[in-house]
Visitor: 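Next up is a structure, given as structure tokens.
Keep in mind that what you see is a predicted model, and the values were worked out from it rather than measured.
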Amino acid sequence: AQSVTQPDIHITVSEGASLELRCNYSYGATPYLFWYVQSPGQGLQLLLKYFSGDTLVQGIKGFEAEFKRSQSSFNLRKPSVHWSDAAEYFCAVLASGGSYIPTFGRGTSLIVHP
Amino acid sequence: NAGVMQNPRHLVRRRGQEARLRCSPMKGHSHVYWYRQLPEEGLKFMVYLQKENIIDESGMPKERFSAEFPKEGPSILRIQQVVRGDSAAYFCASSPDNQETQYFGPGTRLLVL
């Protein structure tokens with residue numbers, strides 16, 4: 001069975017600074033990988049996803065993520081954070097080839113200082 | 001194309017009452033998933049349904065919880081005789097036939113007094 005680890009419960013950055021949120025997964029083959037963002041009181045919005053191909057994936061709102069097979073990681077990055085990026089970020093993994101229920105990490109809460 | 005719709009957005013119930021949560025998937029999606037989120041926790045899968053069928057209910061509590069997705073109308077998550085521990089945010093997601101990506105609704109926040 002697959003698993004996801006988001007080692008950082010909280011991350012604090014200053015507005016305008018760069019951001020990297022970590023995600024590590026455990027799965028025997030190459031999984032499908034996702035990042036979702038959840039603003040307070042809202043549902044989850046898909047930021048980006050990786051299925052295959054180019055390991056650097058571009059998403060919405062200026063986010064990108066890089067799949068590194070050797071490290072079993074799919075870290076989310078943004079070069080310059082805006083105050084509106086303050087939210088909860090969830091990494092999710094879906095086993096390729098037949099599974100339909102993704103496994104979600106516990107989430108990383110992003111705090112943005114002015 | 002409207003996204004996944006959930007209602008109500010907030011629901012308050014007293015212990016012992018019933019809670020009904022509704023979810024309308026995105027247009028063209030026939031797969032619906034229900035998740036529960038407790039404070040400061042990730043999403044926990046509850047049940048996966050297709051039209052008129054429960055495909056996987058491995059995450060559903062054995063008692064008091066049920067779900068359906070009728071041929072017509074929204075999917076319903078029903079919680080009978082609610083207890084305080086049922087207080088949580090309940091999210092519905094839908095996916096197209098390839099099931100590769102799930103799209104989430106805004107959630108229903110259930111508070112049991």
Visitor: Examine A:Ile9 and A:Phe74 and state if one hydrophobic cluster contains both, with Ile, Leu, Val, Met, Phe, Trp and Tyr joined whenever side-chain heavy atoms are less than 4.5 Å apart.
Guide: no

Visitor: Please tell me whether B:Tyr103 and A:Phe51 are part of a single hydrophobic cluster in this structure, the criterion being side-chain heavy atoms less than 4.5 Å apart.
Guide: yes

Visitor: Hey, which residues of residues 46-78 of chain B are touching chain A, say heavy atoms under 4.5 Å apart?
Guide: B:Tyr48, B:Ile55, B:Asp56

Visitor: Do B:Gln102 side-chain atoms and A:Tyr100 backbone N/O form a donor-acceptor pair below 3.5 Å?
Guide: yes

Visitor: Within residues 106-113 of chain B, which residues come under 4.5 Å of chain A, heavy atom to heavy atom?
Guide: B:Pro106, B:Arg109

Visitor: Relative to chain B, which of A:Val4, A:Thr103, A:Ile101 shows the most heavy atom pairs under 4.5 Å?
Guide: A:Ile101

Visitor: B:Val4 and A:Phe90: same hydrophobic cluster, using ILVMFWY side-chain contacts below 4.5 Å?
Guide: yes

Visitor: Is there a continuous path of hydrophobic side-chain contacts, each under 4.5 Å between heavy atoms, that joins B:Val82 to B:Tyr35?
Guide: no

Visitor: Using side-chain heavy atoms (C-beta onward) and a distance below 4.5 Å, is A:Gln38 in contact with B:Phe91?
Guide: yes

Visitor: Checking heavy atoms, do the side chain of A:Leu44, its backbone, both or neither come under 4.5 Å from chain B?
Guide: both

Visitor: Which region of B:Ser95, side chain (C-beta onward) or backbone (N, CA, C, O), has a non-hydrogen atom less than 4.5 Å from a non-hydrogen atom of chain A, or is it both or neither?
Guide: neither

Visitor: Going hydrophobic residue to hydrophobic residue with side-chain gaps under 4.5 angstrom, can you get from B:Leu11 over to B:Met5?
Guide: no

Visitor: Side-chain contact test, heavy atoms from C-beta onward, threshold under 4.5 Å: evaluate it for A:Pro102 versus B:Tyr33 and give yes or no.
Guide: no

